[in-house]
Novice: 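The structure that follows is given in the form of structure tokens.
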Amino acid sequence: MQYTRTVEALKEGTVIDHIPAGQGVNILRLFKLAETGERITVGLNLTSRHMGAKDIIKVENVALTEDQANELALFAPKATVNVIENFEVVKKHKLELPDTIEGIFACPNSNCISHQEPVKSFFYVKPQQKDTKMKCKYCEKVFSKDIVAVVR
Amino acid sequence: MANPLYRKNIISIPDFSREELELVVETAGQLKREPRNDLLQGKLVASCFFEPSTRTRLSFETAVQRLGGTVIGFADGGNTSAKKGETLADSIKIISSYTDAVVMRHPKEGAARLASEFSPVPVINGGDGSNQHPTQTLLDLFTIRETQGTLENLTVAFVGDLKYGRTVHSLTQALSLFGARFYFVAPEQLAMPDYICEELDEKGIEYTIVGSLDDVIPQVDILYMTRVQRERFDEADFKKIQGKYVLKAEMLKNARTNMKVLHPLPRVDEIHVDVDATQHAYYFEQAKNGVFARQALLSLVLNETV
């Protein structure tokens, strides 16, 4: 199949590619990328040779850190995160599940104290065979990552 | 060298090592045999009950005063600045600046952990919503050791509400550090949660899910009863299970001689009053032990050596 470039090349910034189709908007929202004030190009439902359909996000002038990239691994484990300088890829992040994740997701337990107090949410990440579990530091409840990742 | 619990926050049973649990149990035994009235001399403890409680609050306050300490606090969050909208974080910053330790109960899960992040003095969890109640587990462990002479390799049955009962979850986690074997006896709707069973599987701890209370009585060293709350069921379902999880004296005739019946109390009708007079009933002594277990914990948290 012929591959055509559907999103314009980036001079400086980060390209998050191979996001499962449908997750791109979630990632924008959860990582508050729009709040950076930088120009962002989003491609949804693009054709992918390996995935069928994928989403892609390009953020200008923002280099995603290792920790941020690892947080992405929770819901887009096969995403690629490339940091670009002067049109060249200067760093390819290898995504690994983080041990803990802070301030991204709200705790799904409505009776958890973290909702009404001046603290950031905090989860311990426990990879298991079929699922990744997340345990809230405060209420100690354990959730499947799919439950945590949709709450906001 | 300071004892390992000195100045530590007491929030959740999984935070404890096996040695720390043994230290509390050992100290509780010493204080029961030889009461001390000096271990908290000159110490002021805040007793902050944002949610009402009878046994937990009174036994904590008894423990502090018997050890020579003094208590300030409140028994109902309705009369505090929390009612005016103050955050728990702010309340705890202030209260902890007055006192040497903070004992607290709160209706929200995670409240004690959060409080510990804002307090320069140790926070002791007296119950946070449906999450943890570590001092209940410590008094249960002390009572089990007192009646069986050991915590090692015991066979324990939990009966009743195993889904919502936080005491059951924490005690299961604690006893699994000592190689216990478990029977779980509960209606399907109130079965032990998957996450606890998964933890036991990971640790290679043996457990059996049993339908009938009669079958387990001759097998166990400890029969831990809990209350099945009527409001968890619709009327028809409740009728079906009613009576199945009620213990009567006649059911104990094949019990081991060392077997003791425990219950976190309050009981309603799940232990018939005719059990009280049997040699197996130990739940009132268990409640009394709450004072010794809390004395042990407070002494260890507030003194380098005991």
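Below, chain A is the first sequence line, B the second, and so on; all start at residue 1.
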Novice: If you count the non-hydrogen atoms of other residues, nucleotides and ligands that lie under 6.0 Å from CG in B:D194, is the total more than 12?
Specialist: no
Novice: Select one option (side chain, backbone, both, neither) describing which atoms of B:P193 are under 4.5 Å from chain A's heavy atoms.
Specialist: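 Neither part.
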Novice: Nearest 0.5 Å please: distance from the CD1 atom of A:I113 over to the CD atom of B:E109.
Specialist: 9.5 Å
Novice: With a 4.5 Å cut-off on side-chain heavy atoms, are A:V119 and B:F118 touching?
Specialist: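 In short, these two side chains touch, coming nearer than 4.5 Å.
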Novice: What is the distance from atom OH of B:Y195 to atom NZ of A:K133, rounded to the nearest 0.5 Å?
Specialist: 12.0 Å
Novice: Report the distance from atom NZ of B:K108 to atom SG of A:C139, rounding to the nearest 0.5 Å.
Specialist: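 B:K108 atom NZ to A:C139 atom SG measures 11.0 Å (nearest 0.5 Å).
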Novice: Should the heavy atoms of other residues, nucleotides or ligands under 6.0 Å from CG of A:D99 be counted, would the total exceed 12?
Specialist: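 Open: at most 12 neighbouring heavy atoms sit under 6.0 Å from CG of A:D99.
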Novice: For the OH atom of A:Y138 and the OG atom of B:S12, what is their distance to the nearest 0.5 Å?
Specialist: 14.0 Å
Novice: Are more than 12 heavy atoms, taken from residues, nucleotides or ligands other than A:R39, located less than 6.0 Å from that residue's CZ atom?
Specialist: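 Incorrect, the count does not exceed 12.
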Novice: Should we say atom NZ of B:K203 is surrounded by more than 12 heavy atoms from elsewhere, each under 6.0 Å from it?
Specialist: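 It does: B:K203 NZ has more than 12 such atoms within range.
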Novice: Donor-acceptor check, side chain of A:E117 to backbone of B:L88, threshold 3.5 angstrom: yes or no?
Specialist: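 It does hold such a pair.
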Novice: So does B:P107 get a backbone contact from the side chain of A:N111, meaning a donor-acceptor N/O pair under 3.5 Å?
Specialist: yes
Novice: For the residue pair B:L114 and A:S114, establish whether any side-chain heavy-atom pair is separated by less than 4.5 Å.
Specialist: no
Novice: Does any part of the side chain of B:R113, heavy atoms only, come nearer than 4.5 Å to the side chain of A:E140, both counted from C-beta?
Specialist: yes
Novice: Which answer fits B:E86, side chain, backbone, both or neither, if we ask what part of it has an atom under 4.5 Å from a heavy atom of chain A?
Specialist: neither
Novice: Where on A:K137 is there a heavy atom nearer than 4.5 Å to chain B: the side chain, the backbone, both, or neither?
Specialist: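 Contact with chain B involves both backbone and side-chain atoms of A:K137.
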